Amino acid sequence: MSETEFPRGLADRLRGILIDADYTVSGVRDRLGDAAARALAREELVPAMRATGGDERLGLLLRLWWLQSPIPERAARTILPVEELAEAGLVTVEEGERGRVVRALVHLGPWELEEGRPGFVVSDPKVRPGSGAVPRPDHVVGAGNASATLSRLIVDGPFDRALDLGTGCGVQALHLGSRAREVTATDLNPRAVRLAGISLALSGMSDARLLEGSLYEPVTDERFDLIVSNPPFVITPEASRYTYRESDLPGDAVCAELVRGAPAHLTDGGWCQILANWVHADGDDWEDRVGGWVAGTGCSGWVVQRDVQDPAEYVELWLRDSCEHGTAEYTRRYDAWLDYFEREGIKGIGFGWISLRNDAAQDATVRVEELRHEIEQPVGPYLPEVVNGAMTAHRLTDAALLSAHVSLAPGVVEERVSRPGAPDPEKIVLRQRDGLHRVARVGTVEAALASVCDGTMPVGPLLDAIAELMGEDSATIRERTPDALRTLISEGFFQVSR
């Protein structure tokens, strides 16, 4: 058997067994219950082991694949093709304290895809804190919070060709299967390519193409309608120790390379969406830094910073990730990492996403901002509207804006704050009840415009009418309103009809 080959017949049989036993996201959630699930989130296995006892199929599958606990060979053979799975490298049969047992060599977990379709993700077993073990250098991490974040970010299709760059366990390629006719997944790590192939086969995507190589090297002369990537973005002072999270490029250069290389591999109008870390350094504004990666690419888009960590928080996060807390190397690595950040003048590390659309336009613009609050999920269905709003606002001159027909975006409401009996409000805000849940403080002119604009009349005449009602000079209002309105269009409070 080749490194990437997984028998189609075995994949189909195992998929059928898993689905028939309700080894799905909802089935596992119901079987474990809330208390055991919360305990697992704390890395405590005992409640889950108690909840999955006995010889019932779903309990056995959970203990074997999810909890990484050996199950009796006799019980395993009643539900699984043990010899074939062992030959494929997924399980091993060995002597236990009370007889022969079957032990999983991989973690096989259910994953919910679009429209509730069942999928399965195969990765290396999770290395748990306190186990005394650390991940292997070519460790293939399973689907987690970052995977879910990216999957909710991906724009809707349909597309002809899609690429998952740095596929890892293959989870993003699974999500691309519902959006694209042809899916390609690549990874530098041969073991990742192998396990991603099994994930895809078990999820009914045996036709996906798997390639080995770094960044865009495996697809040098190809173009795609959609590229997604959860790259090895961790910023570290050393050469890559773990291929799933680190590259050999310095600082945040791997993310910069992905962004700069995207246009050459995108079709006209194609999308590139990646998760990223970026540096907050002395004398360097992060918006300018990341915006500089996009400058000159001809892409419009949206860069969002969702979190910022100080150097100590960042180091602790990734030392916990590799289970090095409490080891002899912990203090040395911690010190070396902080020394590196000090030398480089790094004061913080930002985490967020970058979404680009290949407009091939000289006046393309990318909105760069920080959003820490909760927003509507998934983002993908309305993400193009965000980019379109920013591009429209960027391109509208004052004259064009006054001639434009605009309407209040759906879901926008007005709120006023004032003292009881006061003739005028102290504050007027527009609030989005869905999407990005933005709040914008506006003046009386913008509030009046929001109350009357429905796309049937140009902005200019509406402002003239508002000026007359307010007893203001219409020329003055026409002069000062476009800047504020342009911002409100960019932020999605108003839409340009024509």
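The shown structure was predicted, so the numbers you read here are calculated from the model rather than taken from an experiment. Basis for what follows: all heavy atoms, side chains included, without hydrogens, waters or symmetry-related copies.
A salt bridge links E238 with R333; the closest basic N to acidic carboxylate O contact falls under 4.0 Å. A salt bridge links R486 to D483: one of the charged nitrogens lies within less than 4.0 Å of a carboxylate oxygen. A salt bridge between E414 and R431 is absent, with no side-chain N of the basic residue lying under 4.0 Å from a carboxylate O of the acidic one. A salt bridge is absent between R478 and D398; no separation between the charged side-chain nitrogens and carboxylate oxygens falls under 4.0 Å. In this structure, R191 pairs ionically with D124, as a charged nitrogen and a carboxylate oxygen lie closer than 4.0 Å. A salt bridge does not link R161 with D225: every distance from a Lys NZ or Arg NE/NH1/NH2 to an Asp or Glu carboxylate oxygen is 4.0 Å or more. Under 4.0 Å is where a charged nitrogen must lie from a carboxylate oxygen, and between R438 and E369 at least one such pair does. At a threshold of 4.0 Å, the pair R367-E491 counts as salt-bridged, since one of the basic side-chain nitrogens sits closer than that to a carboxylate oxygen. A salt bridge does not link K427 with E415: every distance from a Lys NZ or Arg NE/NH1/NH2 to an Asp or Glu carboxylate oxygen is 4.0 Å or more. The existence of a salt bridge linking R372 and E370 is confirmed by a sub-4.0 Å separation between a basic side-chain nitrogen and an acidic carboxylate oxygen.
For CG of N145, the number of neighbouring non-hydrogen atoms (other residues, nucleotides, ligands) closer than 6.0 Å is 12 at most. Counted within 6.0 Å of CG on D34, heavy atoms from surrounding residues, nucleotides or ligands total 12 or fewer; the atom is thus considered open. For D473, the CG atom counts as densely surrounded, since its 6.0 Å shell holds more than 12 non-hydrogen atoms of other residues, nucleotides or ligands. Counted within 6.0 Å of CD on E426, heavy atoms from surrounding residues, nucleotides or ligands total more than 12; the atom is thus considered enclosed. Annotation: E468, atom CD; neighbour count of heavy atoms from other residues, nucleotides and ligands within 6.0 Å does not exceed 12.
For the pair S199 (side chain) and C169 (backbone), a donor-acceptor distance under 3.5 Å is present. A donor-acceptor pair under 3.5 Å links the side-chain atoms of R306 to the main chain of H373, judged by distance alone. Judged by distance alone, the side chain of R245 and the main-chain N or O of W318 form a donor-acceptor pair under 3.5 Å. Listed for the S151 side chain is a donor-acceptor partner under 3.5 Å among the backbone atoms of A148. In this structure, D252 contributes its side chain and C255 its backbone to no donor-acceptor pair below 3.5 Å. Proximity of a side-chain donor or acceptor of T297 to a complementary backbone N or O of W293 within less than 3.5 Å is not detected. Judged by distance alone, with hydrogens and angles left aside, the side-chain atoms of R223 form a donor-acceptor pair with the main-chain N or O of L266 at under 3.5 Å.
Residues Q172 and I154 form a side-chain contact, since some pair of their non-hydrogen atoms from C-beta on lies under 4.5 Å apart. You'll find the side chain of I349 stays beyond 4.5 Å of the side chain of V279, heavy atoms only. For the pair I466/D464, no side-chain contact is recorded, criterion being any heavy-atom separation below 4.5 Å from C-beta on. Inter-residue side-chain proximity for P118 and E112 is flagged as unmet; no heavy-atom pair is nearer than 4.5 Å.
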Worksheet item: Stepwise, does the side chain to side chain contact (heavy atoms under 4.5 Å, CB included) test hold for Y382 with I375?
Response: CA-CA 11 Å; Y382 63 88; I375 62 178; 4.2 Å; yes

Practice prompt. Please report the C-alpha distance between E44 and R38 in whole Å, then the side-chain angles of each, then the deciding distance to 0.1 Å, and finally whether the salt bridge (Lys or Arg N to Asp or Glu O under 4.0 Å) criterion is met.
Written response: CA-CA 9 Å; E44 295 291 345; R38 288 194 297 267; over 6 Å; no

Worksheet item: Going through the checks in order, is the side chain to side chain donor-acceptor pair (under 3.5 Å) test met by Y242 and D321?
Response: CA-CA 11 Å; Y242 302 109; D321 174 77; over 6 Å; no

Discussion item. Using side chain to side chain donor-acceptor pair (under 3.5 Å), reason through Q495 and H405 one step at a time and then give a plain yes or no.
Written reply: CA-CA 9 Å; Q495 296 175 336; H405 293 243; over 6 Å; no

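Partner of R241 under the salt bridge (Lys or Arg N to Asp or Glu O under 4.0 Å) criterion, chosen from E329, E324, E246: E324.
Judged as a side chain to side chain donor-acceptor pair (under 3.5 Å), the pairs with a partner in residues 337-355 (not counting sequence neighbours) are, in order, Q273-S355.
Atom CD of residue Q377 and atom CG of residue L153 lie 8.5 Å apart, to the nearest 0.5 angstrom. Annotation: the span from T243 atom OG1 to D248 atom CG amounts to 10.5 Å, rounded to 0.5 Å. Here T236 contributes atom OG1 and Y314 contributes atom OH; the two are 8.5 Å apart, rounded to the nearest 0.5 Å.
Side-chain N/O atoms of H265 and E222 include no donor and acceptor closer than 3.5 Å.
Here H139 and Y244 bring their ring centres to under 6.0 angstrom of each other.
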